[in-house]
Amino acid sequence: MSRYSAAEIEQKWQTAWDETGLFRARHADDRPKYYVLEMFPYPSGRIHMGHVRNYTMGDVIARHKLATGHNVLHPMGWDAFGMPAENAAMAIGGHPKDWTYSNIDDMRAQMKPLGLSIDWAREFATCDPEYYGQQQSLFLDMLEAGLVYRKNAVVNWDPVDMTVLANEQVIDGKGWRSGVDVERRELNQWFFKISDFSEELLSALDTLENWPPKVRLMQENWIGKSRGIEIPFRRTDGADPILCYSTRPDTMRGATFIAISPDHPVSRSLADANAELAAFIADARKMDTTEAAMEKAEKKGIDTGIRVRNPVWPDQTLPVWVGNFVLMDYGTGAVFGCPAHDQRDLDFARKYGLEVRNAFYLPGDPTDVTDVALVPAKTEPVSYVDHFAGIDEVTSQQGIDATIDWFEAKSLGTAQVRYRLRDWGLSRQRYWGCPIPVVHCETCGVVPEAKKNLPVRLPDDVSFEQPGNPLDRHPTWRFTTCPACGGPALRETDTMDTFVDSSWYFARFTAPDAATPTDPDAAAYWMNVDQYIGGVEHAILHLLYARFFARAMHITGHLPAEAIEPFDALFTQGMVTHEIYQTRDANGRPVYHVPEDVENGALKATGERVEIIPSAKMSKSKKNVVDPQNIVSQFGADTARWFVLSDSPPERDVEWTAAGAEATHKHLSRVYRIAAEIRAAEEGPQGTDEALLREMHRTIHDVTLGLESFGFNAAIARLYAFTNTLAKSTAGAAARREAMKTLAQLMAPMTPHLSEEIWQQ
RNA sequence: GCGGGCGUGAUGGAAUGGUAGACAUAUCAGACUUAAAAUCUGAAGGGCAUGUGCCCGUGUGGGUUCGAGUCCCACCGCCCGCACCA
């Protein structure tokens, strides 16, 4: 072969690797183990450049570790449950199962040509009954361990589609499919007790040294620990006091009203006798809970007529309002409003003509002031604090803590540590998910399914013509017998949130065929994941849920104590972006064009200039998607792999360009050519060329360092430089041969096929 | 509002506090060719001198240091995450 033919080379070596079972991982081995994992894909049907970059990074590490004497586990699977499959069934007919499995086949067929060093024998999909059956078993263990419970919760309910909607599926207060107003409905739902682990999930973040600081910080903020105090406000009518939660009791002097949630018990009981209030509460209920809506929503309130006393200055009485902005499930569902020091409270006070009172005495100011402009800057020392604890700066954290202590010492309140983290509601009124393995028995109530009856399989004969959950209207599926009393019972028809599926798959990969969720030996040997790689979009939910699950799996005996932090190192890679090409139609609306139709900034067909928007996320609607399959068939997998790693550091976005891909291909052709030249060079008595060999060893050092520290772009730059040196080298044939072999070896993690070809010749 | 990150040629980006701009793209020139492609050789931060040299340069302004793209302070700009959380 005189020309570089990626197609031939790649096919040849992929077959060879397959036949020798090179990437099969076995857990009896003297070599140190290394588990590298990329976040597994949702089987949409097409792989995209982001997948290529993600899996190539993992593959570079896997191959590098394999080459440096490690026993490597590098598996792949499918995060296969979820709504798109049901949506496809509703839109185009067919069955979610068929749609999903056929997508998996398609995607596997697109991935295999990339030459990834994956142990395909371990592949599974989360919708395999073998997988979700083990998940049900895990759920039952967690139920027994008290890590799962049922409670009523308010959800977004679409009255037409008859299903719960995620916040993301509520657009402007309306269901994204039905277009009707979404209701807030209270339903009985299953919850994981993740909030029991708030403190531990928070403090253990410090041990995750090889995680990006940014991700740790995001989790810290999400868990949201705060120290505050619960303060009872006595009512003038002598009824039970209203408990308010505050993290800023130092602003007590500025309190001019109390706001309670529409869901607060006091609001509810008053509503019985107050039609206006009842209407207000009903109205607040209708408001959807999405971020966007919350931001726009007007702050509204209604005076209850109740008055309470300021606990520190009892001669001051404050009105109690119901406010639509007060959340029932944070703190006590009641707050005191301090308009002088809080923008939201100020807006509210202005709207309803409530008093604005400065919380802090200004130096030399003996009386209360009402002008907001006089409020001292946060860090300014204030003089009034002798009232509290004799501290001179209330607004430092120390000052706030001292104020809390002061309140406690005077028996005016109880210090509280609170977390923003809520329990994880896992019930979904959906078909295509893991059935929750419980039954509802008239005599026994909620009863866990017996493990011998697992998996509770999804029925195949379902229809999607009607809205709602097909499991609910299935003629027979629901009807079963109670595992406890043997009487008639109904199955739970809710399925699990798909985040559950991805919360433990990494553990299942260590023994994908085990008859229990994990195999203790295999889990002990392979866990933890040494390097986990994925998108930063999973920084909070997936990674937090997985950390919770690892703890739950330890408690239920499915993972060793060492595995409660399942990912030793985490790397979040950047996106692959591409220019967008757009022109305008007669009405000035943008029209997008695929890259193939554009040449030199103009449409190939008409010559019309296109507007170029650089570095945009690839998306179908903007038509700037580059299909990896096309690149592989045009240039080969090695070119695609090399390109997505070159140019940009892996944590940053990389811009895909046709010119860059071509240049990469030219470079690989050049390496191939140089190798051929060197092979053909006359053997002779020439000695070594020390300069070349010195450069070679320097390259080995730099590239190794680059591969081990996610400096792939720098490693590749070094390989370019060495290729140039080698091409120009006038050293003897033996030295050049040695240098060429080394070059091939160093390139191998990125371009395994080309390297293997050069190495073997 | 709270939290975090980043500012280096035309472009993507290199650079344990020690020769800024490695490597690549785009560009230009040359060789080969009837021509083109491919390939090979070379130029290239800006300015002045163009002859070997000089001056200025990592968002802006200060500071630490023998020495700062790198460390510290302030400001400007961009990006990201969170947010009626009391």
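A note on names: the letters A, B, ... follow the listed sequences, proteins ahead of strands, and every chain is numbered from 1.
Electrostatic pairing of A:R718 and A:D702 counts as a salt bridge here, judged by a charged N lying under 4.0 Å from a carboxylate O. The pair A:R227-A:D401 counts as a salt bridge, with a side-chain nitrogen and a carboxylate oxygen less than 4.0 angstrom apart.
Nearer to the 5' terminus of RNA chain B, by closest-nucleotide assignment, is the contact made by A:N221 (compared with the other of A:N221 and A:A714). Annotation: of the two residues near RNA chain B, A:A659 and A:N713, the 5′-most nearest-nucleotide partner is A:N713.
Atom CG of A:L543 and atom C1' of B:rG81 are 14 Å apart (whole Å). Spacing between atom CG of A:D702 and atom C1' of B:rU16 amounts to 12 Å, rounded to whole angstrom units. Rounded to whole Å, the distance from CZ on A:R216 to P on B:rG5 is 12 Å. Look at CD on A:Q416: it is 14 Å from C1' on B:rA86, rounded to the nearest Å. When rounded to the nearest whole Å, the span between CG of A:N724 and P of B:rA24 equals 5 Å. Straight-line distance from the CD atom of A:E655 to the P atom of B:rC79: 16 Å, rounded to whole Å. In this structure, CG of A:L719 is placed 17 Å from P of B:rA22, rounded to the nearest angstrom.
Nucleic acid contact for A:P614: none, since no nucleic acid atom lies under 4.0 Å from a heavy atom of the residue. Within 4.0 Å of A:V536, counting heavy atoms only, lies no atom of the nucleic acid at all. Note on A:R652: only backbone sugar-phosphate atoms sit closer than 4.0 angstrom, heavy atoms only; bases stay farther off. Within the 4.0 angstrom heavy-atom criterion, no nucleotide atom of any strand lies near A:S646. Counting any heavy atom pair closer than 4.0 Å across all strands shown, A:K300 reaches no nucleic acid atom.
Nearest nucleotide to the A:Y330 side chain, out of B:rA86, B:rG12, B:rC84: B:rA86. Relative to the side chain of A:I540, the nucleotides B:rC84, B:rG81, B:rA86 differ in distance, and B:rG81 lies closest. Picking from B:rC82, B:rA86, B:rC40 the nucleotide with the shortest atom distance to the side chain of A:R420 gives B:rC82. You'll find that the side chain of A:A717 is closest to B:rC23, out of B:rC23, B:rC84, B:rU41.
OP1 and OP2 of B:rC85 both lie 4.0 Å or more from every side-chain N or O belonging to A:R422. Within the structure, every side-chain polar atom (N or O) of A:K214 is placed at least 4.0 Å from both OP1 and OP2 of B:rC79. For B:rA38, one of the phosphate oxygens OP1 or OP2 lies less than 4.0 angstrom from a side-chain nitrogen or oxygen of A:K666. Dashed line: the shortest gap from a side-chain N or O of A:Y720 to OP1 or OP2 of B:rA24 is not under 4.0 Å. Distances shown here put a side-chain N or O of A:R670 below 4.0 Å from the OP1 or OP2 atom of B:rC40. Contact annotation: A:R344 reaches the phosphate of B:rC85 (side-chain N/O to OP1 or OP2, under 4.0 Å).
In this structure the side chain of A:F722 never reaches within 4.5 angstrom of the side chain of A:R698, judged on heavy atoms.
As rounded to the nearest Å, B:rG13 and B:rU60 have C1' atoms that lie 23 Å from one another. Atom C1' of B:rC79 sits at a distance of 40 Å from the matching atom of B:rA29, rounded to the whole Å.
Partner assigned to B:rG7 is B:rC76, using Watson-Crick or G-U wobble distances below 3.5 angstrom. Both distances falling under 3.5 Å, in either a Watson-Crick or a G-U wobble arrangement, place B:rC66 opposite B:rG18. A 3.5 Å limit on both hydrogen-bonding distances identifies no Watson-Crick or G-U partner for B:rG51. Taking a pair to require two hydrogen-bonding distances under 3.5 Å in either a Watson-Crick or a G-U wobble arrangement, B:rG1 pairs with B:rC82.
Separation of the A:F571 and A:W211 ring centroids does not fall under the 6.0 Å cut-off. Remark: aromatic rings of A:Y545 and A:W424 are close, center separation under 6.0 Å.
The local environment of NZ in A:K617 is sparse, with at most 12 non-hydrogen atoms from other residues, nucleotides or ligands closer than 6.0 Å. Counting non-hydrogen atoms of neighbouring residues, nucleotides and ligands closer than 6.0 angstrom, the CZ atom of A:R234 reaches no more than 12 such neighbours.
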